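Notes follow once the structure below has been shown.
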Amino acid sequence: MLCGRTNVNKFLIEEQRRNPSLVGDFSMLMSDIVRSCKAIAQGVSRGSLADLLGDAGSENVQGEGQKKLDVLANQAFLRHCEWGGHLAAMASEEMEDIFPIPSENPRGRYLLVFDPLDGSSNIDVNLSVGSIFSVLRCPENCSGGAPTAVDFLQPGAQQVAAGYALYGPSTMLVLSVGNGTHGFTLDRNIGEFLLTHPNLVIAPETREFAINASNERFWEPPVQRYVSECLAGQSGVRGKDFNMRWVASMVAEVHRILMRGGVFMYPRDSKDLSRPGRLRLMYEANPMAMIVAQAGGLASTGSQRILDVQPTSLHERVPVILGSRDEVERIERYHREHE
Ligand code: AHG
Ligand code: MN
Ligand code: MN
């Protein structure tokens, strides 16, 4: 009874033993990431009590206003992960350039990419937010010389691990190290994430979709077709009624899809022609694509599997359509038919 559930550290050590390609200090790196998420969970839950809400008064590289908690969550990842000797460099939504591990610390063989606080427009209204992370291997020679941004530009299929923390009614950690997707819940009494949702599976069929419908006039035609067919309900070509949700926090949307199926879309749109979508490939789309694929779902741009996209820059954006396999395949088909 006293030690009934597996905690995340035991889970990770066992995964590392099982998989010889997870070399060296992989499980220790993951423990540092887990500690970052616990620290952020603490800050998020203190909110106004610790004067942590509101704007930081600064902008990130993408011209987005930063919240105080965006900046603090970024610092939490850097401070918890910079000294362990497991990483060569980090990169984040909130930093224009990569963060090489300072020379006073040993450099390791992994790279960490993260969105320190996802859905941060929800912070000030006390709704769910999260953190997203992706672990890559440092290419040969990376830890010898100084790592550069080019070392990070690996397709998502090469991720060693990916996951997110959801700071919701309970704090959860969902991760994959390439052997399924597993969920852990933070037990605040003992300060540990305990395995509560092993081997998550996304139902292939669904009656629920998520999209920011205020952008409808800007969507690409295959997505307009898909959503209009969902909205037509039982009397339309789909022959069933659909439900719609939009939390404006990708972590929360992906979590809902892992729990009960569904499809999430932030498609290519014509709202801002300087970008092919809103979400960022390296620290939003890729880790979520791995989590979803490892749970039997699919993640696509509409015309290509996200995990196969070759990144060309650290902060590049990409259209994202992910979730229940049958729906994502249908939307991919609508793209092919529209070509
Ligand atoms: P972030 O807070 O890290 O910038 O990400 C927010 C993202 C994502 O979580 C969410 O799905 C989407 O932006 C919300 O977009 P809208 O503002 O169009 O609703
Ligand atoms: Mn985000
Ligand atoms: Mn963010």
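If you're wondering where the values come from, they're calculated on a predicted model, not measured in any experiment. Any value given below was found using the heavy atoms of this structure, including those in side chains, with hydrogens, waters and symmetry copies removed.
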* Starting from the C-alpha separation in whole Å, work towards a yes-or-no answer on side chain to side chain contact (heavy atoms under 4.5 Å, CB included) for Arg5 and Leu195. => CA-CA 6 Å; Arg5 286 189 195 271; Leu195 182 61; 5.6 Å; no
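- Rounding to the nearest 0.5 Å places CG of Leu279 at 12.5 Å from CE of Met265.
- Hydrophobic cluster membership differs between Phe11 and Tyr164, with clusters built from Ile, Leu, Val, Met, Phe, Trp and Tyr side chains linked at under 4.5 angstrom.
- Salt bridge Arg256/Glu208: present, at least one basic N to carboxylate O contact under 4.0 Å.
- The salt bridge (charged side-chain N to carboxylate O under 4.0 Å, His left out) pairs that include a residue from residues 84-98 are Glu93-Arg280, where partners are two or more places apart or lie in different chains.
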* Would you please test Phe114 and Phe77 for ring pair (Phe, Tyr, Trp, His ring centres under 6.0 Å) and show each step? => CA-CA 8 Å; Phe114 53 93; Phe77 271 101; 4.4 Å; yes
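- Between atom CG of residue Leu200 and atom CG of residue Leu175 there is a gap of 10.0 Å, rounded to the nearest 0.5 Å.
- Following chains of ILVMFWY side-chain contacts shorter than 4.5 Å, one cannot reach Leu322 starting from Phe209, and the two form parts of different hydrophobic clusters.
- By the 6.0 Å and 45° rule, Arg207 does not stack over the aromatic ring of Phe242.
- In terms of heavy-atom proximity, Ile132 sits nearest to Pro287 at CG2-CG, 3.5 Å.
- For Asp55, the salt bridge (charged side-chain N to carboxylate O under 4.0 Å, His left out) test picks out Lys67, with sequence neighbours left out.
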* Can you list the steps and then say if Thr312 with Glu316 is a side-chain hydrogen bond (donor to acceptor under 3.5 Å, both in side chains)? -> CA-CA 7 Å; Thr312 55; Glu316 83 181 86; 3.1 Å; yes
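- Applying the salt bridge (charged side-chain N to carboxylate O under 4.0 Å, His left out) test to residues at least two apart or on different chains, none of the pairs has a partner in residues 36-47.
- When all heavy atoms of Leu87 and Leu111 are compared, the closest pair comes out as CD2-C, 3.8 Å.
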* To do: Report the C-alpha separation of Leu298 and Val292 in whole Å, then their side-chain angles, then the decisive distance to 0.1 Å, and conclude whether the side chain to side chain contact (heavy atoms under 4.5 Å, CB included) test is met.
  => CA-CA 6 Å; Leu298 274 184; Val292 165; 5.6 Å; no
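- Between the CD atom in Gln159 and the CG atom in Leu307 there is a gap of 6.5 Å [rounded to 0.5 Å].
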